[in-house]
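Whatever order the structure lists them in is the order used to number ligands and atoms, beginning at 1. Source: prediction; values computed, not measured.
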Amino acid sequence: MASKYTCRWGILATGGIATTFTKDMLTNPATRDVHDVHHVLAAAASSSSKSRAEAFIKDVDGPSTAKAYGSYHELVKDPDVDIIYVATPHSHHFQNTMLALEHGKHVLCEKAFTVNAEQAKKLVETAREKKLFLMEAVWTRYFPLSIKIRELVKSGAIGKVHRVTADLSIATANEDGGLNFPDSSRMVNMDLAGGALLDLGIYSLTWVYQILYHCQEGKRERPTVLAAVQKYKTGADELTSVLLNWPGQNTQGFASTSLRVATQPDGEGSPAAGPAARIQGTKGEIQVFGPIFRPQLYRVIKVGGKRGDVEDVHCPIPKDKERKGKGDEGVGHGMFWEADEAARCLRDGKLESDTLNWEESIAIMEAMDEVRKQGGLVYPELIETAVYDENSPLNGGQ
Ligand SMILES: NC(=O)c1ccc[n+]([C@@H]2O[C@H](COP(=O)([O-])OP(=O)(O)OC[C@H]3O[C@@H](n4cnc5c(N)ncnc54)[C@H](OP(=O)(O)O)[C@@H]3O)[C@@H](O)[C@H]2O)c1
């Protein structure tokens, strides 16, 4: 058997998603039946202090060889790091990813890729020029469930698809009309590119795009975009709905998101409220049960079938029981599949992933730009600029 490819990761930032991703990345790939690549935590960096990075490495149960840095600048200069995972708030993605690319590192950057499409284009241009791998970390696309659903759609299993609807919303409203976040939270803080669209709406758009855009044959048609946006007192969007129209394909998508009412009012993962995404074709429908960023159940309903005669397909996320998780469960959140994809691209010398290539990430950023334009949603210049500044405060200064 050919030897496994080793991917050496550097983790930029030490917050919530950095922890979840790194724990997943450190699981044994064999537990998900992956045998061609594996991952190593080479280093982690915190913009606040070296001790924070050390605590992070301990928390994720990283190897004793992993290096801890008290700045992002030190991390991107580490010769033992192949690829940087950018896990800062989206306000920081452009400057942090540029910092890594400019220092010759491949990058997996959290969603939303950037604040605007111009920044995304600049990242892509830089990665292309420097022949570096770059991918937006939309982990859901790499789930076996997503791959299976795209295959079903492409094979015509539900006929010609005409419509996709998807919602990702969370209920965080207080009795007093406010939201259950401090105004400084990255969820609603304009300085951190807060709001429902960039944080949650990206997943609703992901389901619309991975079916109605990604699965198009030949040169893909871009949709027209019609949006309705309502804002919170901080200026961030809190109720956003987007209608996407592809007249040439005879398809429409509807992507919604909110911070006030939940897709699943009785808790994440509950099927009681029905599907969170519906893919509707002439011969049937595929329903995806939420949360749509981490779905584990889909349903196929055939047109003209017997009432109640539906196929439910469960796709549980495998766990590595040897790693320390909550209780005795082990570790396995579903973020390892995107890490495997990045590793395979590095191994094969690919600069972008076919599952979410640069052109598609930019197309989605352009749609979000249009939503923001229609909703009058403008972030501060420091985080909207597409001019790279190595010493930007977003890179932690120098
Ligand atoms: N894929 C997913 O399912 C998923 C889930 C949640 C979030 N995300 C994405 O991941 C990114 C980070 O989200 P998160 O939930 O991990 O956020 P978080 O818990 O607040 O962590 C963000 C980290 O970024 C660093 N940072 C640098 N400058 C910062 C600043 N001015 N304010 C706040 N943090 C700053 C901090 O780490 P240091 O102090 O160590 O530098 C902080 O711990 C966002 O873009 C979000 O959309 C993705």
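- A salt bridge links Glu359 to Arg220: at least one charged side-chain nitrogen sits closer than 4.0 Å to a carboxylate oxygen.
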- Message: The test is side-chain hydrogen bond (donor to acceptor under 3.5 Å, both in side chains); show your working for Asn395 and His92 and say whether it passes.
- Response: CA-CA 7 Å; Asn395 283 331; His92 291 47; over 6 Å; no

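- With respect to atom 29 (C) of ligand 1, the closest heavy atom belonging to the protein is His92 NE2, 3.7 Å.
- Gln95 and Tyr72 form no side-chain donor-acceptor contact under 3.5 Å, judged by distance and modelled atom types alone.
- A salt bridge does not link Lys67 with Glu54: every distance from a Lys NZ or Arg NE/NH1/NH2 to an Asp or Glu carboxylate oxygen is 4.0 Å or more.
- With no hydrogens or angles considered, no side-chain donor-acceptor pair links His314 and Asp312 at under 3.5 Å.
- Using the six-membered ring where Trp is involved, Phe293 and Trp139 have ring planes that are parallel, under 30° apart on the 30 and 60° scheme.
- Distance alone, capped at 3.5 Å, places no donor-acceptor pair between the Arg8 side chain and the Ala42 backbone.
- Shortest contact from atom 11 (C) of ligand 1 to any protein heavy atom: Thr88 O, 3.1 Å.
- Among all non-hydrogen protein atoms, the one lying nearest atom 37 (O) of ligand 1 is Thr14 N, 3.4 Å.
- Annotation: atom 13 (O) of ligand 1 to nearest protein heavy atom, Arg186 NE, 3.2 Å.
- Nearest-heavy-atom check against atom 47 (O) of ligand 1 across Arg52, Lys111, Arg294 picks out Lys111.
- At the top of the distance list for atom 45 (O) of ligand 1, counting protein heavy atoms only, stands His90 ND1, 2.9 Å.
- Ligand 1 places these atoms under 4.0 Å from at least one heavy atom of Ser47: 27 (C), 38 (P), 39 (O), 40 (O), 41 (O).
- Looking at Gly16, Pro89, Ala137, Ser184 and measuring to atom 24 (O) of ligand 1, the nearest heavy atom belongs to Pro89.
- At a threshold of 4.0 Å, the pair Asp82-Lys105 does not count as salt-bridged, since none of the basic side-chain nitrogens sits closer than that to a carboxylate oxygen.
- Between Arg372 and Asp237, no side-chain nitrogen of the basic residue sits less than 4.0 Å from a carboxylate oxygen of the acidic one, so the salt-bridge criterion is not met.
- Near Ser48, meaning under 4.0 Å from one of its heavy atoms, ligand 1 places the atoms 39 (O).
- A salt bridge links Asp340 with Arg32; the closest basic N to acidic carboxylate O contact falls under 4.0 Å.
- Salt-bridge check for Glu285 with Arg299: failed, with every basic side-chain N at 4.0 Å or more from each acidic carboxylate O.
- At a heavy-atom distance under 4.0 Å, only side-chain atoms of Glu110, from C-beta outward, approach ligand 1.
- Put simply, no part of Phe293 is less than 4.0 Å from ligand 1, judged by heavy atoms.
- Neither the backbone nor the side chain of Ser91 comes within 4.0 Å of ligand 1, counting heavy atoms alone.
- Protein heavy atom closest to atom 21 (O) of ligand 1, with residue, atom name and distance, is Gly15 CA, 3.3 Å.
- Between Pro380 and Asp191, the closest heavy-atom pair is CG-OD1, 3.4 Å.
- Heavy atoms of Met335 approach ligand 1 to within less than 4.0 angstrom.
- Look at Tyr203 and you'll find a heavy atom under 4.0 Å from some atom of ligand 1.
- Within ligand 1, the atoms closer than 4.0 Å to a non-hydrogen atom of His93 are 45 (O), numbered from 1 in the order shown.
- Side-chain polar atoms of Gln210 and Arg150 form a donor-acceptor pair below 3.5 angstrom.
- Taking a 4.0 Å cut-off on heavy atoms, Phe56 fails to register as neighbouring ligand 1.
- For ligand 1, the polar-atom distance check against Ala13 finds no nitrogen or oxygen pair separated by under 3.5 Å.
- In this model, no donor atom of one side chain and acceptor atom of the other lie less than 3.5 Å apart for Ser270 and Gln264.
- In terms of N/O distances under 3.5 Å, ligand 1 is not approached by Leu192.
- When heavy-atom distances to ligand 1 are checked against a 4.0 Å cut-off, Trp139 comes that close only through its side chain, counted from C-beta outward.
- At the shortest separation from atom 5 (C) of ligand 1 among protein heavy atoms lies Ile17 CD1, 3.2 Å.
- Looking at Asp199 against ligand 1, only its side chain comes within 4.0 Å, counting heavy atoms.
- When hydrogens are left out, the protein atom nearest atom 27 (C) of ligand 1 is Tyr72 OH, 3.3 Å; that is the closest non-hydrogen contact.
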